[in-house]
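Before any comments, here is the structure.
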Amino acid sequence: MNYKKIIHKIYHSINELENYGKIADYIPQLSCIDPEKFGIYFRTAIGEEYGTGDYQTKFSAQSISKVLSLTLAYKLEGDEIWNRVGVEPSGNAYNSLVQLEDENGIPRNPFINSGALVICDILVSRLKNPKDEFLQFVRSLCSAENVGYDLSVATSEKSVGYRNIALCNYLKSFGNIKNKPNDVLDFYFTMCSLEMSCENLSKAFMFLVSDAHKGNDNQPIINPIKADRINALMQTCGFYDESGEFAFRVGLPGKSGVGGGIIAVYPEKYSIAVWSPRLNAKGNSYRGMKALELFTTYTKTTIF
Ligand SMILES: NC(=O)CC[C@H](N)C(=O)O
């Protein structure tokens, strides 16, 4: 299959469409981004790679980083983490508070903000220096020493992060945050400010494509059974209350972030990252969803 040609065609046809949606300006620093940016990067398990558009420009990974923090926590803590966070789609917005009271402070899944805060709490408990150690982990996944945090984004989000602050304190009241809420929030906002390009993301997520993809120690990044479970969670919860729509239109495990990025993987075959900052009403990249829908349609590679 000529993936290169297909990606090229998709890039051009989407560039010609009207670009709908709105940048995530609730984080003031993100409102400076050029809304017309658009990049795609594709990488196969057998080493083919192809990028087009702004695929080398780093952008704010935001919630995409929640998959990587979950991976590190799962690796360190094992199945114990499922006592503190569930594995069900929430059917609610990523920053929603509503289910927590009825469900005794156990977030539905690790990709909504409440669940990601619990995962951050686990990493704050487990790691001596969570920000540095998490960054080292991400850098080793994508073999890129120049990947880092954008602390201006973290500070900007923190200055208006009333909902996340509320969520973290609420979780604490149920005993599901063990550390000081401020320390957990500081790590959460920093982790979300991770800056990566489509090229970095497609590489970093190869461990969810193939267990032949080894870390620096020549061991799998995470045990293959755990990798399958992370893919299952991306499939069912990766797009919040639009996870069904993503499965319906695209048909791959994936994860979005309000920086406008989306990563999707086809186990054993490929990873693909897209970036376009304008978001639809559910907080997912408008053009990113469209590009991936066309990609799996033209290549006939949905996992279903
Ligand atoms: N969906 C997202 O990417 C949200 C992440 C963002 N940092 C927030 O907490 O609101």
Side-chain angles (χ1 to χ4, degrees), residues 21-33 58-70 85 89-98 100 107-121 123 130-131 134 138 149-171 177 181-182 184-196 198 201 204-205 233-234 236-243 245-246 254-264 273-286 288-289:
K22 190 172 158 285
I23 280 207
D25 56 4
Y26 76 94
I27 300 175
Q29 190 67 18
L30 292 186
S31 60
C32 317
I33 293 162
K58 291 191 174 56
F59 58 92
S60 202
Q62 292 297 322
S63 284
I64 298 177
S65 62
K66 292 173 182 171
V67 183
L68 306 179
S69 56
L70 169 68
V85 59
S90 71
N92 279 313
Y94 57 85
N95 55 6
S96 172
L97 288 111
V98 293
L100 277 180
R108 278 280 176 107
N109 67 66
F111 297 151
I112 49 174
N113 291 8
S114 53
L117 284 161
V118 170
I119 298 297
C120 283
D121 185 57
L123 290 177
K131 291 186 205 172
F134 177 66
V138 176
Y149 301 122
D150 180 344
L151 295 180
S152 68
V153 170
T155 309
S156 166
E157 185 173 6
K158 199 173 187 175
S159 72
V160 292
Y162 306 111
R163 252 177 192 264
N164 287 320
I165 295 166
L167 279 168
C168 195
N169 281 290
Y170 201 39
L171 289 161
I177 291 286
N182 261 347
V184 176
L185 285 160
D186 184 46
F187 178 51
Y188 174 83
F189 292 131
T190 307
M191 175 201 83
C192 286
S193 80
L194 196 65
E195 277 203 310
M196 295 173 86
C198 291
L201 282 169
F205 276 71
L233 282 165
M234 290 206 295
T236 52
C237 314
F239 297 79
Y240 323 107
D241 47 340
E242 205 170 40
S243 299
E245 179 91 6
F246 192 80
K255 184 75 200 82
S256 62
V258 293
I262 301 181
I263 177 78
V274 292
W275 173 48
S276 170
R278 286 192 196 272
L279 308 178
N280 65 21
K282 307 279 180 166
N284 298 315
S285 169
Y286 170 75
M289 296 263 293

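For ligands, and for the atoms within them, numbers begin at 1 and follow the listed sequence.
- Neither the backbone nor the side chain of F189 comes within 4.0 Å of ligand 1, counting heavy atoms alone.
- Below 4.0 Å from some heavy atom of Q62 lie the following atoms of ligand 1, by number and element: 3 (O), 5 (C), 6 (C), 7 (N).
- Annotation: side-chain hydrogen bond (donor to acceptor under 3.5 Å, both in side chains) contacts of K158 (sequence neighbours excluded): D186.
- Between I263 and A273 the shortest heavy-atom distance is CD1-CB, 4.0 Å.
- Listed by number with element, the atoms of ligand 1 under 4.0 angstrom from any heavy atom of N164 are 8 (C), 9 (O), 10 (O).
- Ligand 1 has a nitrogen or oxygen under 3.5 angstrom from a nitrogen or oxygen of S63.
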**Report entry** Test side chain to side chain contact (heavy atoms under 4.5 Å, CB included) applied to L30 and E157, step by step
**Finding:** CA-CA 9 Å; L30 292 186; E157 185 173 6; over 6 Å; no
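- The two atoms that bring G257 and L279 nearest to each other are O-CD2, 4.3 Å, heavy atoms only.
- Contact annotation: for N113 versus ligand 1, heavy atoms closer than 4.0 Å belong to the side chain alone.
- Of the protein's non-hydrogen atoms, E157 OE2, 3.0 Å is the one closest to atom 8 (C) of ligand 1.
- Among the atoms of I27, none of the N or O lies under 3.5 angstrom from an N or O of ligand 1.
- Of all non-hydrogen atoms in K131 and Y149, the two that sit nearest each other are O-OH, 2.6 Å.
- Across all non-hydrogen atoms, the minimal contact from I112 to A93 is CG2-O, 4.4 Å.
- Nearest non-hydrogen protein atom to atom 9 (O) of ligand 1 is Y188 OH, 2.6 Å.
- When each atom of ligand 1 is checked for a heavy atom of G257 under 4.0 Å away, the hits are 3 (O).
- Set against the non-hydrogen atoms of Y26, the atoms of ligand 1 under 4.0 Å away are 4 (C), 6 (C), 8 (C), 10 (O).
- Ring geometry for F134 versus F187: interplanar angle over 60°, hence perpendicular rather than tilted (30 to 60°).
- Close approach to C192 involves these atoms of ligand 1, each under 4.0 Å from a residue heavy atom: 7 (N).
- Looking at ligand 1, you won't find any N or O of K66 less than 3.5 Å from one of its N or O atoms.
- For the residue pair F205 and M234, the shortest heavy atom distance occurs at CE2-SD, 4.2 Å.
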